[in-house]
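In what follows, residues are counted from 1 in the order of the sequence shown.
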Amino acid sequence: MDFRKIPNVYINCVVFGLLESGVNVLLSKRELHMYDKKYPDINDWVLLGDLVLKSEQLDVSADRVFRDYTTLSNVYKKQFRTFGNPERVKDEKDLLWLRSKGIDTRIFSVIYYFLVPSARIKVNNSDMRWFPIDQLPQLGFDHELVIKRSFDDLQRKVLNEPAIFEFLEDKFTLNELHFAYESVLGIEIDNRNFRKKALNKTYIISLDEKKVTGNSKKPSNVYMFSKDIYDKIAPQNHIINV
């Protein structure tokens, strides 16, 4: 395998997770101090990313980058789009950062977004942190735009694919599913009507279990999503009509 890196082809991972504050995105700290007043200090946040290896397929590269940051594998991912406008890297800090790393300043970023239950990712240091989608910090490059476009695509996707279940653990309550939909779509959904529709879906299977969630002291029924059943009925009856 050729471990040399292509100098201007980057993989960026937009990692979405669901926390109490709603949909969050996982970001990496970017710091550079040149100790020379003619160069600006860099202290902001960017998406998880790395250059592609010369002999590496893009999907394999995305898995590698995601795994290097999170230690996780085999989670939902989608290759979203490529950003390669020649004007996308023009800020002085971004140019300085790329040059300090020996990376070409005309850079192509292949964007993947990942959906994962946030509890599975252990954020134990100050170099990585979850941020609410509507409270992003100062970001390098055009990563704010990348996140917005990725999230727009995700909002469309959850209406006609079972992507929403990727935010939940294998066993979940209807309240957790309801919260996931409201958080991703950014709307209020009538809970009683939602539960009625959810319970009519054959791919949402009731389990003989209960658990306590949130501030409630009363245990809630537990459910699971059956992809096998969903795949059989998807053409006629795909996802919850919220």
Side-chain angles (χ1 to χ4, degrees), residues 1-17 24-116 121 123 125-131 133 136-154 157:
M1 184 173 184
D2 191 340
F3 290 97
R4 291 176 297 169
K5 295 181 176 181
I6 303 173
N8 68 335
V9 181
Y10 224 81
I11 291 287
N12 278 120
C13 300
V14 185
V15 182
F16 291 119
N24 279 236
V25 62
L26 190 64
L27 299 176
S28 175
K29 188 74 170 175
R30 183 177 74 158
E31 289 186 283
L32 180 65
H33 305 287
M34 300 294 288
Y35 301 103
D36 187 329
K37 291 185 178 180
K38 69 179 181 180
Y39 297 112
D41 284 342
I42 300 174
N43 186 5
D44 55 15
W45 297 84
V46 291
L47 291 167
L48 318 187
D50 193 12
L51 291 167
V52 176
L53 303 182
K54 285 183 175 289
S55 59
E56 197 172 43
Q57 295 182 3
L58 290 177
D59 277 5
V60 173
S61 184
D63 288 337
R64 171 179 59 82
V65 173
F66 180 75
R67 184 175 60 252
D68 286 349
Y69 278 95
T70 67
T71 72
L72 297 178
S73 58
N74 298 320
V75 304
Y76 178 97
K77 73 175 184 296
K78 176 191 175 182
Q79 185 185 117
F80 173 47
R81 59 171 289 185
T82 298
F83 286 74
N85 189 316
E87 299 297 320
R88 66 185 297 252
V89 181
K90 57 186 178 180
D91 184 88
E92 183 182 4
K93 291 183 178 180
D94 296 333
L95 291 168
L96 177 61
W97 173 264
L98 293 175
R99 288 168 181 152
S100 73
K101 303 294 182 182
I103 300 174
D104 198 307
T105 54
R106 173 69 194 278
I107 192 166
F108 298 87
S109 295
V110 183
I111 308 301
Y112 284 78
Y113 66 74
F114 290 73
L115 311 180
V116 60
I121 297 180
V123 182
N125 59 66
S126 58
D127 295 331
M128 206 163 61
R129 182 177 158 190
W130 289 108
F131 286 92
I133 196 75
L136 295 175
Q138 182 179 353
L139 291 166
F141 305 108
D142 54 356
H143 288 185
E144 184 173 354
L145 175 64
V146 171
I147 293 170
K148 182 183 185 304
R149 294 279 173 82
S150 299
F151 189 58
D152 288 345
D153 188 75
L154 172 61
K157 181 174 287 294

**Item:** Step-by-step salt bridge (Lys or Arg N to Asp or Glu O under 4.0 Å) determination, Arg4 to Asp2
**Value:** CA-CA 6 Å; Arg4 291 176 297 169; Asp2 191 340; 2.7 Å; yes

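- Closest heavy-atom contact between Val46 and Leu139: N-CD2, 4.4 Å.
- Residue Cys13 holds its SG atom at 13.5 Å from OH of Tyr113, rounded to the nearest 0.5 Å.
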**Request:** Would you please test Asp50 and Lys5 for salt bridge (Lys or Arg N to Asp or Glu O under 4.0 Å) and show each step?
**Result:** CA-CA 9 Å; Asp50 193 12; Lys5 295 181 176 181; 3.1 Å; yes

**Request:** Apply side chain to side chain contact (heavy atoms under 4.5 Å, CB included) to the pair Val15 and Tyr69, showing each step before the final yes or no.
**Result:** CA-CA 11 Å; Val15 182; Tyr69 278 95; over 6 Å; no

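- For the pair Arg88 (side chain) and Ile107 (backbone), a donor-acceptor distance under 3.5 Å is present.
- At least one side-chain heavy atom of Leu95 sits under 4.5 Å from a side-chain heavy atom of Val89.
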**Item:** Working for side chain to side chain contact (heavy atoms under 4.5 Å, CB included), residues Leu48 and Asp68
**Value:** CA-CA 10 Å; Leu48 318 187; Asp68 286 349; over 6 Å; no

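- Within 6.0 Å of OH in Tyr39 there are 12 or fewer heavy atoms belonging to other residues, nucleotides or ligands.
- Other residues, nucleotides and ligands contribute at most 12 non-hydrogen atoms within 6.0 Å of the NZ atom of Lys148.
- Counting heavy atoms from C-beta outward, Tyr76 and Val116 have side chains that stay 4.5 Å or more apart.
- Taking both residues in full, the closest heavy atoms of Thr82 and Phe108 are given as CG2-CB, 4.5 Å, listed atom of the first, atom of the second, then distance.
- Of the options Asn12, Ile111, Leu47, Val25, a side chain to side chain contact (heavy atoms under 4.5 Å, CB included) to Ser150 is made by Ile111 and by none of the others.
- Considering CD1 of Ile133 and CZ of Phe16, their distance stands at 4.5 Å, rounded to 0.5 Å.
- The CD atom of Glu92 sits 15.5 Å away from atom CH2 of Trp97, with the distance rounded to the nearest 0.5 Å.
- Rounding to the nearest 0.5 Å gives a distance of 10.5 Å between CG of Asp41 and CG of Asp36.
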**Item:** Working for salt bridge (Lys or Arg N to Asp or Glu O under 4.0 Å), residues Asp127 and Lys29
**Value:** CA-CA 5 Å; Asp127 295 331; Lys29 188 74 170 175; over 6 Å; no

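- In this structure the side chain of Lys78 reaches within 4.5 angstrom of the side chain of Asp153, judged on heavy atoms.
- At least one donor-acceptor pair under 3.5 Å links the side chain of Asp94 to the backbone N or O of Phe141.
- Scanning all heavy atoms of the two residues, the minimum distance from Lys93 to Pro40 falls at CG-CG, 4.0 Å.
- No side-chain heavy atom of Phe66 sits less than 4.5 Å from a side-chain heavy atom of Ile11.
- Annotation: side chain of Asp142 is not in contact with side chain of Asn85 (no heavy-atom distance under 4.5 Å).
- Rounding to the nearest 0.5 Å places OG of Ser73 at 14.5 Å from CZ of Arg64.
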**Asked** Do Ile103 and Tyr10 pass the side chain to side chain contact (heavy atoms under 4.5 Å, CB included) test, and can you show the C-alpha distance, the side-chain angles, and the key distance before you say yes or no?
**Response** CA-CA 10 Å; Ile103 300 174; Tyr10 224 81; 3.9 Å; yes

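- The structure places CG of Asp59 at 10.5 Å from CD of Glu56, a figure rounded to the nearest 0.5 Å.
- The number of heavy-atom neighbours closer than 6.0 Å to NZ of Lys90, taken from other residues, nucleotides and ligands shown, is 12 or below.
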**Request:** Using the side chain to side chain contact (heavy atoms under 4.5 Å, CB included) rule, take Val14 and Leu154 through it: C-alpha gap first, then chi angles, then the decisive distance, then the call.
**Result:** CA-CA 11 Å; Val14 185; Leu154 172 61; over 6 Å; no

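- Of all heavy-atom pairs between Leu32 and Ser100, the closest is CD2-OG, 3.7 Å.
- Put simply, the side chain of His143 does not reach to within 4.5 Å of the side chain of Leu27, judged on heavy atoms.
- Side-chain contact between Leu26 and Thr70 is present, with at least one heavy-atom pair separated by less than 4.5 Å.
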